[in-house]
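Worksheet: the structure to be examined is printed underneath.
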There are 2 protein chains.
Amino acid sequence: MDNDLMTIREMCEAFDVTPRTLRFYEAKELISPIRDGQKRLYTRRDRGRLKLILRGKRFGFALEEMRQLLNLYDRGGANEEQLKRTIVAARERLAQMERQRDELNEAIDELRSQLENGAEMLAAFRPAAE
Amino acid sequence: MDNDLMTIREMCEAFDVTPRTLRFYEAKELISPIRDGQKRLYTRRDRGRLKLILRGKRFGFALEEMRQLLNLYDRGGANEEQLKRTIVAARERLAQMERQRDELNEAIDELRSQLENGAEMLAAFRPAAE
DNA sequence: AGAAAGCTTGACGTTAACGTAAGTCACGAC
DNA sequence: GTCGTGACTTACGTTAACGTCAAGCTTTCT
């Protein structure tokens, strides 16, 4: 089982990303595959990190934020203090996401009500109306 | 009542935007204030358009989209055909927004459930866990 | 062995919506 | 007249997350 080492191609297919993305993440120090000559080989650790990175993206975390979180873990995830920071960061993000969703909902309601007014929709786009 | 003409400063305060923003919108042909010498003077029409632009932004419309919508209206909002296009555009945007919100909600639920697991949150950020 | 494939690094390009800096102009105040 | 103030134009800078060449090195197929 060379199941443990994957080429860049395999990684791309497995995670549905482009090679450029993986190299980019590496340049940003988010992952650090080993080298066989000049080729990159990704370990299970890399896959784990990538998985988290992609998940983080779905949460809206920026890559830099994810890097910090991953580093926090590396330097002792067992560390109570570090863990707390991670949790705090996550909580803040959660709050952000909820605010964002609320605003989005308001905008949706507003736009929908405009639409429901049928042709009165025009009023919404009537410049100097009245 | 010079209520009808406003300077760039007054506009900025009234709408909470910077001068740069107004000039930028002008460059993008979203508004077109008249000139008193070299100074810009904004009419009620400009204010109406700006209001719509800012509202559109809250809806997530890009400036270019707003420009098109505003133009549609200008060239005969009374035109049945144009109106339909506007409505279609709005409907599509609405659908987009709803999809976006749904995804956001999923991410929120996911992140929240991680957090609710208290310290198990760590698991979410545990690279090669298990 | 020669060519096609695949990987690599490097570096510039892209998009949106302005920010920011530099140098001019014009006008009321003194 | 000239100083301060505000407005103006022009143009480059910014941010994020890659995309898109370009050009060279290997490995692989035939």
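Numbers restart at 1 for each chain; the letters A, B, ... are given by sequence-line order, proteins then strands.
Using a cut-off of 4.0 Å between Lys/Arg side-chain N and Asp/Glu carboxylate O, A:Arg23 and A:Glu26 are scored as not salt-bridged.
Donor-acceptor pairing under 3.5 Å is lacking for the side chains of A:Arg99 and A:Gln96.
Between A:Asp36 and A:Leu5, every side-chain heavy-atom pair lies at or beyond the 4.5 Å cut-off. Residues B:Ile31 and B:Ile53 form a side-chain contact, since some pair of their non-hydrogen atoms from C-beta on lies under 4.5 Å apart.
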Next item on the list: Sugar-phosphate means primed atoms, P, OP1 and OP2; the rest is base. With that split, encode nucleotides 4-11 of chain C 5' to 3' as B, S or - using protein heavy atoms under 4.0 Å.
Entry: ---BBB-B
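With a cutoff of under 4.0 Å to any heavy atom of chain B, the contacted region of DNA chain D is bounded 5' to 3' by D:dA7 to D:dA11.
Counting only distance, with no hydrogens or angles, the side chain of B:Asp109 and the backbone of B:Glu106 share no donor-acceptor pair below 3.5 Å. Although no hydrogens or angles enter the test, the distance criterion places a donor-acceptor pair under 3.5 Å between the side chain of B:Arg93 and the main chain of B:Gly60. Counting only distance, with no hydrogens or angles, the side chain of A:Glu13 and the backbone of A:Glu10 share no donor-acceptor pair below 3.5 Å. Judged purely by atom type and a 3.5 angstrom limit, B:Arg49 has no side-chain atom pairing as donor or acceptor with the backbone of B:Arg44.
Residue B:Ile31 contributes atom CD1, which lies 11 Å from atom P of C:dC18 at whole-angstrom precision.
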